[in-house]
Amino acid sequence: MVSSKLIENQNGGPLVEESLLLGLAIVTISIVIGVILQATGWAQDVVSTLMEMLEESWSIFGEVVP
């Protein structure tokens with residue numbers, strides 16, 4: 001009879017609820033941080049490419065104009 005009572009009782013305690021909420025919060029924060037890091041990495045690649053193009057333009061300009 002004790003085991004059937006345990007199976008019938010499906011109420012979770014507050015510790016279980018808090019653990020699930022903390023786990024969900026950690027997963028959400030990890031996803032947000034991942035998206036931010038990808039966006040900043042992409043932006044950094046774009047800026048470095050633009051800087052390389054600018055340096056090439058200045059070197060070509062320096063060769064053309066004495």
Original post:
How does the hydrophobic cluster around L21 look, that is, which other residues are in it when side-chain heavy atoms under 4.5 Å mark a link?
Top reply: none
Quick one: side chains of residues 50-57, donor-acceptor pairs under 3.5 Å with protein atoms, not counting sequence neighbours, listed by atom name and distance.
unit_1: S57; atom_1: OG; unit_2: M53; atom_2: O; d: 2.9

List the atom pairs, with distances to 0.1 Å, where a side-chain N or O of residues 29-46 and a protein N or O form a donor-acceptor pair under 3.5 Å, not counting sequence neighbours.
unit_1: S30; atom_1: OG; unit_2: I26; atom_2: O; d: 2.8
unit_1: T40; atom_1: OG1; unit_2: I36; atom_2: O; d: 3.1
unit_1: T40; atom_1: OG1; unit_2: L37; atom_2: O; d: 3.0

